[in-house]
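Read the structure below first, then the notes.
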Amino acid sequence: EGVLEQVGEFGDELIIPEGVVSTRYRIDLSKCKKVIIPSTMNRFWTQGLDGPAPNLSEFIVSNENQVYASIGGHLYDKKDTLLVYAPSVKEIGVIPEGTVKIGEDAFRLIGPPIEKLYIPKTLTDIEIPRFIYGWFLGVDVSPENKDYKAIDNSLFTIDGKKLVCSKTS
């Protein structure tokens, strides 16, 4: 069991070997289409990935992994409630129902901005630091969401008093 210290040249798939528990090296994903995560990975170092990754379309996670899961190509925690990373080639960023929290690095790998980001009714928490930079051109919020709403394609708290994230200009 070990830490992935460095990565040599790889094609359009980054296959992290079984036995690796963590990444530490900066990995250039600019040409990568898929990242395949083994059952042993328990710490996917968010600062270890260089973005943007405009070709990245999916994360694939071993079903035996105890920490991470993949839903629609997005990387989630095993409970399927925290969005860790979203691939960048989605024109419409639909965050699945059941997602409760968006991690601060979820959109770190985005290349071109997402046309429209859909926020489900279940989303209650957004880690602000990287989310606030606005990797989307518009936002749509489920009318049943009790925490957020869209105003002029930007995301606000439900009372409309706090801007959470503005659209990319």
Side-chain angles (χ1 to χ4, degrees), residues 14 16 21-23 29 32-49 51-53 55-151 153-168:
L14 172 61
I16 300 172
V21 296
S22 178
T23 58
L29 295 177
C32 190
K33 292 182 180 178
K34 290 182 188 177
V35 175
I36 301 172
I37 298 175
S39 65
T40 53
M41 178 72 74
N42 62 31
R43 176 72 173 105
F44 202 66
W45 188 52
T46 58
Q47 298 301 316
L49 300 175
N55 301 312
L56 186 60
S57 62
E58 69 180 320
F59 285 92
I60 299 171
V61 179
S62 166
N63 290 334
E64 288 81 39
N65 189 294
Q66 298 298 306
V67 178
Y68 298 106
S70 178
I71 301 172
H74 296 327
L75 182 62
Y76 278 84
D77 68 342
K78 193 64 171 188
K79 297 176 190 172
D80 303 336
T81 57
L82 170 66
L83 176 60
V84 179
Y85 283 117
S88 61
V89 297
K90 310 288 187 208
E91 288 181 13
I92 298 177
V94 176
I95 298 170
E97 287 294 339
T99 302
V100 174
K101 184 175 185 178
I102 296 176
E104 70 176 321
D105 287 323
F107 297 100
R108 184 172 195 267
L109 300 175
I110 294 296
I114 296 169
E115 288 292 323
K116 185 156 289 249
L117 182 65
Y118 175 76
I119 304 291
K121 70 180 178 184
T122 54
L123 190 72
T124 61
D125 189 11
I126 297 173
E127 292 181 0
I128 299 298
R130 289 204 176 80
F131 188 82
I132 202 158
Y133 297 132
W135 284 292
F136 57 87
L137 300 174
V139 66
D140 191 17
V141 179
S142 166
E144 298 174 56
N145 188 296
K146 295 181 173 139
D147 296 284
Y148 301 103
K149 70 178 178 179
I151 301 173
N153 280 317
S154 292
L155 187 62
F156 285 81
T157 53
I158 195 70
D159 61 8
K161 294 180 179 178
K162 181 179 178 188
L163 174 66
V164 176
C165 190
S166 61
K167 67 180 180 175
T168 302

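The first residue of the sequence shown is numbered 1, and numbering continues consecutively from there. Basis for what follows: all heavy atoms, side chains included, without hydrogens, waters or symmetry-related copies.
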(message) Working note: Leu14 + Cys32, criterion side-chain contact (heavy atoms from CB on, under 4.5 Å); need CA distance, chi angles, decisive distance, verdict.
(response) CA-CA 7 Å; Leu14 172 61; Cys32 190; 4.1 Å; yes

(request) Show your working on side-chain contact (heavy atoms from CB on, under 4.5 Å) between Ile158 and Lys146 and close with a plain yes or no. (result) CA-CA 7 Å; Ile158 195 70; Lys146 295 181 173 139; 6.0 Å; no

(request) Assess whether side-chain contact (heavy atoms from CB on, under 4.5 Å) is satisfied between Thr99 and Thr81, documenting all intermediate values. (result) CA-CA 4 Å; Thr99 302; Thr81 57; over 6 Å; no

(request) Apply side-chain contact (heavy atoms from CB on, under 4.5 Å) to Val84 and Tyr76, showing your working. (result) CA-CA 5 Å; Val84 179; Tyr76 278 84; 5.6 Å; no

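Separation of atoms CD1 (Ile71) and CD1 (Ile95) is listed at 12.0 Å; rounding is to 0.5 Å. Atoms OH and CG, on Tyr148 and Asp125 in that order, are 5.5 Å from each other to the nearest 0.5 Å. Atom CD of residue Glu127 and atom CG of residue Leu82 lie 6.5 Å apart, to the nearest 0.5 angstrom. Atoms CG and CD1, from Asp147 and Ile126 in turn, are 9.0 Å apart once rounded to the nearest 0.5 Å. A distance of 15.0 Å separates NZ in Lys149 from CD1 in Ile119, rounded to the nearest 0.5 Å. The distance from atom NE2 of His74 to atom CZ of Phe59, rounded to the nearest 0.5 Å, is 10.5 Å.
Residue Lys78 qualifies as enclosed at atom NZ: its count of foreign heavy atoms under 6.0 Å is above 12.
Here the side chains of Leu75 and Ile37 are in contact, with some heavy-atom distance below 4.5 Å. Looking at heavy atoms from C-beta onward, Val21 lies out of side-chain contact with Arg43 at the 4.5 angstrom threshold. Residues Ile102 and Leu123 meet the side-chain proximity criterion, which asks for heavy atoms closer than 4.5 Å. Considering only heavy atoms from C-beta on, Asn65 comes within 4.5 Å of Met41 through its side chain. Lys33 places none of its side-chain heavy atoms less than 4.5 Å from the side chain of Leu56.
No side-chain N or O of Tyr68 forms a donor-acceptor pair with one of Ser62 less than 3.5 Å apart.
Smallest separation of non-hydrogen atoms from Pro120 and Pro96: CG-O, 3.6 Å. Between Gly160 and Ile151, the shortest heavy-atom contact is CA-CD1, 4.1 Å.
The pair Glu97-Lys121 does not meet the salt-bridge criterion, since no charged nitrogen lies less than 4.0 angstrom from a carboxylate oxygen.
In this view, Asn153 and Lys116 satisfy the side-chain hydrogen bond (donor to acceptor under 3.5 Å, both in side chains) rule, not counting sequence neighbours. Taking the side-chain hydrogen bond (donor to acceptor under 3.5 Å, both in side chains) definition, one finds that Asp159 meets it with Thr157, sequence neighbours left out.
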Pairs of donor and acceptor atoms involving the side chains of residues 136-144, under 3.5 Å and at least two apart or interchain, shall be tabulated with distances.
unit_1 : atom_1 : unit_2 : atom_2 : d
Ser142 : OG     : Glu144 : N      : 3.2

